[in-house]
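The next block holds one structure in the form of structure tokens; read it before the comments.
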Amino acid sequence: MLTLKLIQENPELVVEKLTKKNFDAREIMKEITETDKRRRETQHRLDMLQAEMNTLAKEIGILFKSGQKEKAEENKVRTITLKDDIQQLGNELNELEKSLNDKLVILPNIPHESVPAGKSAHDNITIRTGGPAARKAGETLPHWEFTQKTGIIDFETGVKLTGAGFPVYKGKGARLQSGLIRFFLDEAVNAGFTEIMPPLMVNAESAFATGQLPDKDGQMYHATEDNLYLIPTAEVPLTNIYRDMVLAEEELPVKITGYTPCFRREAGSYGKDVRGLNRLHQFDKVEIVCITHPDKSYAMLEEMVNHVAGLLDKLELTWRVVKLCGGDMSFTSALTYDFEVYSSAQDKWLEVSSVSNFETFQSNRLKLRFRDPETKKPRMAHTLNGSALALPRIVAALIENHQHNGEFILPEALHAYTGFKSI
RNA sequence: GGAGAGAUGGCAGAGUGGUCGAAUGCGGCGGUCUUGAAAACCGUUGUCCGGGCGACUGGACCAGGGGUUCGAAUCCCUUUCUCUCCGCCA
């Protein structure tokens, strides 16, 4: 959520910057400005009435104490209309505030100035590449064939147990999963992140604070009986740890990591893009989350990008980093880098990580602040997060790029984690 | 799941209808003293929303929501959470 202050002080700038996200904010901004103006006026009138009421009540109290009952009763009569007015204005104010909030919540985050204009993924800009040269397309089996042949991932049984998109990992397939998770966690801890094991379900308040609600309602599994949501990413519980907090400046930057399964309904996506591991309802991911001083968030973003690049290098995958264009960025992000790895078997780039700076967009909803030592006042911190990494497509890419004569040879970095070198 | 008790400022803890944003202690910050520090003493000490160029000023906030009352931290209802006991259980 954008801060009201920014909107009040510079509405034209907000409109202009949001055009990069292909979001026409003119109409909504006009409404916000008007609603805000009315809200302030109403607040002011209400405050005055309440002040009057307070004095009156105080006077009545004094009159009663000094035994002037008749005079007190006289004053009481005057409070009746005041009370009505206060009630009515209070309702008006509530409605204005609600209406204002409903409008504010619709506005996406303002993109960083370096974000390229564009409509779709085609307009993203590749800024870095790494890893070995891509293999020739078609040399290897796609992962869904390889995993079926070797029996390490059983999609059919997943369907039997739960439904499509819930695979069962078996034997070396399961060992590969748990090994990768520990590998990613170790790497994150070595890079200074503190490991957290959060709950896998969150309440609506948490889902709202990180922006999943109301924007992505319907993408999360919802346990209606208890009104809890299965987390679509560890970002939700990890970031919400710091909801409603004022941190000391020395506590920054916060660097935390966590492994969780992630649950996504993925309503409406079918077809060949969802084949095999490409899109699942439940998948494993190690997430990294940072909270920084506003001046240091972009340096942190680079650090996170380097961390992910290091992981992909150790896994000996062919990767590239793209800077997302305005049209392809998420609602909440100010700047996002996507990592993609090349799969020769599928002959395409698979998105395996997304690293973003949200600046104060999440903090504002989270009420996540730090105390500025200069002013001694709370000030909003910046939040960032990234996948480091999401497993399924990494597994797909590993299998599809590291086959030699029908055998999947694991990258050396994983040997200690899996206890075997090939499948 | 059943019975009972409770939720107050950064923390501990008073306050059971009026002048209470809230005693007191601890902590924090500033100062006096000191070569420096400690101790002692003095002062200060939340957040949010309005109004004002500003000094300053109005309002809200005692877990959340609703109610009673001229007036609620205090009374009533309700939700959530915590604790104790019982039951169940990995």
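Because the structure is predicted, anything quoted here is derived from the model rather than measured. Values reported hereafter were calculated over all heavy atoms of this structure, with side chains retained and with hydrogens, waters and symmetry mates removed. Sequence lines set the chain letters: A, B, ... in the order given, protein chains first and strands last, and positions in each chain run from 1.
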- Message: Tell me whether A/K170 is salt-bridged to A/D154, with the criterion being a basic N under 4.0 Å from an acidic carboxylate O.
- Response: yes
- Item | Check ion pair A/K314-A/E187 (N to O, under 4.0 angstrom) | yes
[atom1]-based separation of [M] from [N] [nearest Å]:
N	M	atom1	value
B/C41	B/A5	P	42 Å
B/U74	B/G67	P	14 Å
B/G28	B/A39	P	9 Å
B/G13	B/G51	P	41 Å
B/G6	B/U16	C1'	15 Å
B/G15	B/A73	C1'	8 Å
B/U78	B/A23	C1'	31 Å
B/G10	B/C62	P	13 Å

Quick check with a 6.0 Å cut-off and a 45 degree axis cone: is [X] positioned over the face of [Y]'s six-membered ring?
X	Y	result
A/R365	A/F208	yes
A/K255	A/F193	yes
A/K285	A/Y259	no

Report the nucleotide, chosen from [options], that has the shortest atom-to-atom distance to any side-chain atom of [X].
X	options	result
A/M53	B/G71, B/A60, B/G51	B/G71
A/P378	B/C48, B/G50, B/G71	B/C48
A/K376	B/G59, B/G50, B/C29	B/C29
A/R369	B/U47, B/G51, B/G67	B/U47
A/N54	B/G59, B/G50, B/G71	B/G59
A/L4	B/G50, B/C70, B/G67	B/G50

Atom-pair distance ([atom1] on [X]; [atom2] on [N]), nearest Å:
X	N	atom1	atom2	value
A/H44	B/C48	NE2	C1'	18 Å
A/E205	B/A63	CD	P	16 Å
A/D85	B/G59	CG	P	17 Å
A/N75	B/U69	CG	P	18 Å
A/Q50	B/C70	CD	P	17 Å
A/K377	B/C49	NZ	C1'	14 Å
A/I60	B/U19	CD1	P	14 Å
A/Q87	B/U68	CD	C1'	13 Å

- Does a donor on one side chain sit under 3.5 Å from an acceptor on the other, for A/W319 and A/D313? yes
- Please check if any side-chain donor atom of A/E407 sits under 3.5 Å from a side-chain acceptor atom of A/S422, or the reverse. yes
- Message: Quiz question: going by heavy-atom distance under 3.5 Å, is there a donor-acceptor pair between the base of B/G59 and the side chain of A/D47?
- Response: no
- Item | Intermediate values then yes/no, salt bridge (charged side-chain N to carboxylate O under 4.0 Å, His left out), A/K37 and A/E34 | CA-CA 5 Å; A/K37 189 162 162 260; A/E34 276 166 18; over 6 Å; no
For [N], the Watson-Crick or wobble partner whose two distances fall under 3.5 Å:
N	answer
B/G87	none
B/C29	B/G43
B/A23	none
B/U68	none
B/G36	none
B/U82	B/A5
B/A55	none

Would you tell me if any nitrogen or oxygen in the side chain of [X] comes within less than 4.0 Å of OP1 or OP2 on [N]?
X	N	result
A/R39	B/G50	yes
A/K83	B/G71	yes
A/R40	B/C49	no

- RNA chain B: 5'-proximal contact among A/I62 and A/Q8 (nearest heavy atom): A/I62
- Between A/A57 and A/T79, whichever has its closest RNA chain B nucleotide further toward 5' is A/A57
- Query: Looking across every strand, which nucleic acid part, if any, lies under 4.0 Å from A/R371 by heavy atom: base, sugar-phosphate, or nothing?
  - Reply: sugar-phosphate
